[in-house]
Amino acid sequence: MFKKQREKLSGYLSNDIGIDLGTANTLVYMRGQGIVINEPSVVAVNQKTGQVVAVGAQAKEMLGRTPAHIVAVRPLVGGVVSDFEVTEEMLAYLIRRAEANSRKFLGPRVVVGVPSGITNVETRAVRDATKNNGARAVYIVEEPMAAAIGIRLPVNDPVGTMIVDIGGGTSDIAVISLGGIVRSKSLKIAGDKLNQDIISYIRGEFKVLIGEKTAENLKMAIGSVLPPQTTLEASIKGRDLITGLPRELVVSDTDVREAIAFSIDNLIESVKEVLETTPPEIVSDVMSRGLHLVGGGALIKGLPELLAETLKIPVHSADDPMTAVARGAGIILEDFDRYKGVLIENEDELPPHS
Ligand code: ADP
Ligand code: MG
């Protein structure tokens, strides 16, 4: 009963927020409210002044349409904090926006999801950037762990659970048991790489240069890893490399499938490698309970079926796979005592509910 009252009081004094700092999309979960921000991880910077001009969707809109001295940066591309200052600016914007509608006495307590395999230096950078933006306490969780919690898997139980999170810059593969990550691998084959594969393929096969946005739209519209029942086609525009003029052409699901086949093979091979180095008892859990797919890349048509067929294990596609990490960060906030064990070395004084 005291705990409940304490939590209520703490809710009056400050907000608790969970942040999924993704390479492609950043989401913010606010305790008691759910997901309040879902924006591309893009920051537009004025190179003359060093000032941030726009963040999120607004910055993404500017891509390719800015004067020379303004650049749009994806500060987390490749799954690392490649630009600390820009990351800090992005966090500042997110925290300010999340806090905008509430007047609370204390700064928020923040759970931040980071890619597994992030270095200690990067973890510290994220922690410092969050602290510098007024957070009262910062808790770091690895994204595959947050995703597993987000889709309500029993991460604290003595059973093996496997998560494959296919994002923009990285894919994270992790096996979890007893509140910890038993095996993991982070690789740079994910959504961005598939877009690049499509660009190269169209250039090679049709001698047409297309932009990244076009490639991504194509992937989402007709991308698949197994032949669909009926042929899918899409019409795209690009620049003919021979005439130099704009050209429109029709591509099919077969083209896209061939374009991404090599990367998809590599991705599956990596999942296999993780399984091969996982202790036998845990592998047997995974074989019976299956693998869970999250992240935007999980939406590629046919991927669950292909993974199941190749690896001979059940594959489950999470509902709403792109919000799993943010929802997990939220669940950690709501039920801190239960999940505090999953956090990365927590040096902060106050647990969220104290
Ligand atoms: P991150 O966690 O790295 O920010 P997300 O989980 O938000 O990444 O996923 C973003 C990636 O998912 C992008 O590369 C995007 O192209 C891809 N994606 C989103 N929707 C689809 C879809 N329907 N089919 C294929 N790929 C998709
Ligand atoms: Mg992610």
Side-chain angles (χ1 to χ4, degrees), residues 18-29 35 37-43 56-57 59-60 63 74-82 87 90 94 111-118 126 141-151 163-174 184 186-199 210-226 228 232 234 253 256-257 259-260 263-264 267 292-304 306-307 317-329:
I19 300 180
D20 168 11
L21 218 45
T23 65
N25 297 297
T26 298
L27 287 78
V28 177
Y29 178 104
I35 291 168
I37 299 176
N38 185 349
E39 300 240 13
S41 308
V42 183
V43 180
K60 200 178 182 186
L63 276 173
R74 284 177 59 191
L76 294 147
V77 90
V80 297
V81 182
S82 51
T87 304
M90 196 166 77
L94 295 167
V111 171
V112 189
V114 297
S116 69
I118 189 174
V126 170
V141 61
E142 287 161 289
E143 280 166 8
M145 177 64 79
I149 294 170
I151 61 173
I163 283 279
V164 177
D165 178 352
I166 306 174
T170 58
S171 292
D172 284 305
I173 304 160
S184 73
S186 181
L187 59 155
K188 298 211 159 91
I189 300 173
D192 292 340
K193 175 68 170 70
L194 302 182
N195 300 346
Q196 290 306 323
D197 290 343
I198 294 170
I199 293 172
I210 59 169
E212 200 166 342
K213 191 72 213 153
T214 302
E216 184 172 48
N217 288 342
L218 199 55
K219 173 184 73 178
M220 292 184 189
I222 65 169
S224 63
V225 297
L226 289 172
L232 301 170
D253 61 277
V256 180
R257 200 158 45 254
I260 66 175
S263 292
I264 296 292
L267 183 63
H292 298 264
L293 263 183
V294 297
L299 295 167
I300 299 170
K301 289 178 258 303
L303 190 60
L306 181 63
L307 275 167
S317 299
D319 291 335
D320 205 358
M322 292 169 85
T323 62
V325 171
R327 283 183 280 142

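As the structure lists them, so they are numbered: ligands from 1, and atoms in each ligand from 1.
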Practice problem: Indicate yes or no for a side-chain donor-acceptor contact from Ser171 to the backbone of Ile189 under 3.5 Å, with no hydrogens or angles considered. | Solution: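 Looks like yes, one N/O pair under 3.5 Å.
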Quiz prompt | Sidechain-backbone polar pair: Lys60 side chain, Glu39 backbone, donor-acceptor under 3.5 Å | solution =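 No, because the side chain of Lys60 does not come within donor-acceptor range (under 3.5 Å) of the backbone of Glu39.
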Quiz item: Of Ala298, Ala326, Gly296, which has the heavy atom at the shortest distance from atom 12 (O) of ligand 1?
Solution: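 Comparing heavy atoms across Ala298, Ala326, Gly296, the nearest one to atom 12 (O) of ligand 1 lies in Gly296.
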Quiz item: Can you tell which of Leu299, Asp20, Leu303, Thr23 gets a heavy atom nearest to atom 20 (N) of ligand 1?
Solution: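 Looking at heavy atoms only, Leu299 sits closest to atom 20 (N) of ligand 1.
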Quiz prompt | Sub-4.5 Å side-chain heavy-atom contact between Leu267 and Leu187 | solution =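 Yes, their side chains come closer than 4.5 Å.
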Quiz item: Hey, are the side chains of Leu293 and Pro321 touching, using non-hydrogen atoms and a 4.5 Å cut-off?
Solution: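 In short, these two side chains do not touch, never coming nearer than 4.5 Å.
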Exercise. Identify which one of Ile300, Leu232, Val225, Leu218 satisfies the side-chain contact (heavy atoms from CB on, under 4.5 Å) criterion when paired with Val256.
Key: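 Single pass found, and it is Leu218.
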Quiz prompt | Partner of Met322 under side-chain contact (heavy atoms from CB on, under 4.5 Å), chosen from Asn25, Asp20, Asn38, Leu27 | solution =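 With Met322 as partner, side-chain contact (heavy atoms from CB on, under 4.5 Å) holds for just one option, Asn25.
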Quiz item: Looking only at N/O atoms, are Asn195 and ligand 1 under 3.5 Å apart anywhere?
Solution: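 Asn195 vs ligand 1: no N/O contact under 3.5 Å.
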Can you list the atoms of ligand 1 that are under 4.0 Å from a heavy atom of [X]?
{"X": "Gly191", "answer": "14 (O)"}
{"X": "Glu216", "answer": "13 (C), 14 (O), 15 (C), 16 (O)"}
{"X": "Lys219", "answer": "14 (O), 15 (C), 16 (O), 17 (C), 26 (N)"}
{"X": "Gly22", "answer": "1 (P), 2 (O), 4 (O)"}
{"X": "Gly295", "answer": "6 (O)"}
{"X": "Gly297", "answer": "12 (O)"}

Protein contact to [atom] [nearest heavy atom, distance to 0.1 Å]:
{"atom": "atom 19 (C) of ligand 1", "answer": "Met220 CE, 3.6 Å"}
{"atom": "atom 10 (C) of ligand 1", "answer": "Ala24 CB, 3.7 Å"}
{"atom": "atom 7 (O) of ligand 1", "answer": "Asn25 ND2, 2.7 Å"}
{"atom": "atom 25 (C) of ligand 1", "answer": "Ile300 CG1, 3.5 Å"}

Practice problem: Just jot down the side chain to side chain donor-acceptor pair (under 3.5 Å) partners of Thr26, sequence neighbours excluded, or say none. | Solution: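 Only Ser41 meet the side chain to side chain donor-acceptor pair (under 3.5 Å) criterion with Thr26.
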Quiz prompt | Salt-bridge contact Asp192-Arg74 (side-chain N to carboxylate O under 4.0 Å) | solution =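 Judged by the 4.0 Å cut-off on N to carboxylate O distance, Asp192 and Arg74 do form a salt bridge.
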Quiz prompt | Partner residues of Lys193 under the salt bridge (Lys or Arg N to Asp or Glu O under 4.0 Å) criterion, sequence neighbours left out | solution =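 Counting only residues at least two positions away or on another chain, Lys193 forms a salt bridge (Lys or Arg N to Asp or Glu O under 4.0 Å) with Asp197.
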